[in-house]
Protein chains: 2
Amino acid sequence: MKKASELFKLLSVDKRIEIIELLKKKEMCVNGIAGALGVTQSAISQHLRILKSAGLVNDRKDGYYVYYSLDKDALEACRQRLNRICACGCLEGGGKTAKSRCG
Amino acid sequence: MKKASELFKLLSVDKRIEIIELLKKKEMCVNGIAGALGVTQSAISQHLRILKSAGLVNDRKDGYYVYYSLDKDALEACRQRLNRICACGCLEGGGKTAKSRCG
DNA sequence: CCCTCATTTAAGTAAATACGTATATACTTC
DNA sequence: GAAGTATATACGTATTTACTTAAATGAGGG
């Protein structure tokens, strides 16, 4: 499993966050993303490769185009992962107030 | 407010994650952290400055020592922030299954 | 089979940065 | 005030990396 810091690093780039936000709405091809974000399709392609290697996006070929989409399960796993890092263990308290020894 | 990518970048360094994990347990002084993580106090001091400038840690001076502690509210705010980025909007579903239009 | 389009890859560059060394600052005790 | 402690900062170095340009790969249509 990837280290948490690597996950964070993945997401530490503006354009990648923007790509994810775009893909939340609908699948898109590389040029579409590049146009929307105002960088070269090469740059986007490289970001997508990184996101894909982390399993966060999937691609689907259709004619000329490669459509990228979010892997929502992976994103959810990522969310839970980062959640644990940023959970101090005293504020998020599930149902029980038992463990509220904070500050 | 900081950009999400900046928050992620903050956390994209191993040692900083480890510092946070340490501080979850108890407040610590710089040298203590340095010893625990096996890097120079200079490096730790620099990490702490960054974490502090993001509001994630607080410091308290006591004699020679500067004790650093987690700002749990800030960490919680950070958690919620990152949560929103990584929420695809279809899997985390609160109580209602109404919005489960995914995949 | 060539041409065109979308995408990927290669190569190069400029910028960011994590860390160490050396030094400065701040505080306490003698 | 001198000595010893903890911490912060200045600065250099090595590494990473986001991006661009240019060339390569792959698919479809004439």
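Keep in mind that the numbers below use all heavy atoms, side chains included, and drop hydrogens, waters and symmetry copies. The structure presented is a predicted model; accordingly, all values stated were derived computationally and were not measured. All chains are named by letter (A, B, ...) in the order of the sequence lines, taking the proteins before the strands, and each is independently numbered beginning at 1.
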### Query
Same hydrophobic cluster for B:Leu51 and B:Ile17, using side-chain heavy-atom links shorter than 4.5 Å among ILVMFWY?
yes
### Task
Could you tell me whether A:Glu6 and A:Lys9 make a salt bridge, using a distance below 4.0 angstrom between a side-chain N and a carboxylate O?
no
### Message
From CZ of B:Arg60 over to P of C:dA26, roughly how many Å is that when rounded to an integer?
### Response
20 Å
### Task
Using side-chain contact (heavy atoms from CB on, under 4.5 Å) as the criterion, point out the one residue from A:Ile33, A:Val13, A:Leu37 that pairs with A:Glu18.
A:Leu37
### Message
Counting only side-chain heavy atoms from C-beta out, which of D:dT9, C:dT8, C:dT9 sits nearest to A:Val30?
### Response
C:dT8
### Query
Looking at C:dT8, D:dA18, C:dC19, which one has an atom nearest to any side-chain atom of A:Val66?
C:dT8
### Query
Which nucleotide in the list C:dC19, D:dA6, C:dA18 gets nearest to the side chain of B:Ile50?
C:dA18
### Query
Can a donor-acceptor pair under 3.5 Å be found between the side-chain atoms of A:Gln46 and the base atoms of D:dT20?
yes
### Protein-nucleotide distance (A:Tyr67, atom OH; D:dA27, atom C1'), rounded to Å
14 Å
### Query
Which atoms form the tightest heavy-atom contact between B:Ala54 and B:Leu10, and what is the distance?
CB-CD1, 3.1 Å
### Query
Quick one: which of C:dT7, C:dC19, D:dA18 gets closest to the side chain of B:Val13?
C:dC19
### Query
Rounding to a whole Å, what distance do you find between A:Asp62:CG and C:dA6:C1'?
12 Å
### Query
With a non-hydrogen cut-off below 4.0 angstrom, is B:Tyr68 in contact with a base, only sugar-phosphate, or nothing?
sugar-phosphate
#### Entry: Side-chain touch A:Gln80/A:Glu76, heavy atoms, less than 4.5 angstrom
yes
### Summary
Rounded to whole Å, the CG-P distance (B:Leu51 to D:dT7) equals 16 Å
## Note on the structure
Closest of C:dT8, C:dC19, D:dA27 to the B:Ala43 side chain is C:dC19
### Message
Using a 3.5 Å distance criterion without hydrogens, assess whether the side chain of A:Lys24 forms a donor-acceptor pair with backbone atoms of B:Ala87.
### Response
yes
### Separation of C:dT7 C1' from A:Ile44 CD1 (nearest whole Å)
13 Å
### Query
Can you tell which of D:dT9, C:dT7, D:dT20 lies closest to the side chain of A:Val39?
D:dT20
### Query
Phosphate oxygens OP1/OP2 of C:dT7: is one of them under 4.0 Å from a side-chain N or O of A:Asn31?
yes
### Task
Calculate the interatomic distance between B:Leu48 atom CG and D:dT7 atom P; express it in whole Å.
10 Å
#### Entry: Distance-only donor-acceptor test (3.5 Å): side chain A:Ser42, base D:dT21
yes
### Query
Nearest-Å distance, CZ (A:Phe8) to P (C:dT17)?
17 Å
### Summary
Per nearest nucleotide of DNA chain D, the residue lying toward the 5' end, A:Arg16 or A:Lys61, is A:Arg16
### Task
Could you tell me whether B:Lys9 contacts a base, only the sugar-phosphate backbone, or nothing, with contacts defined as non-hydrogen atoms closer than 4.0 Å?
sugar-phosphate
### Query
Mapping A:Gly63 and B:Tyr65 to their closest nucleotides on DNA chain D, which lands nearer the 5' end?
B:Tyr65
### Message
How many whole angstroms separate atom CD of A:Gln41 from atom C1' of D:dG26?
### Response
14 Å
### Message
With a 4.0 Å cutoff (strictly under), does any side-chain N or O of B:Tyr64 reach OP1 or OP2 of C:dC27?
### Response
no
### Query
More 5' along DNA chain C: A:Ser45 or B:His47, using each one's nearest nucleotide?
A:Ser45
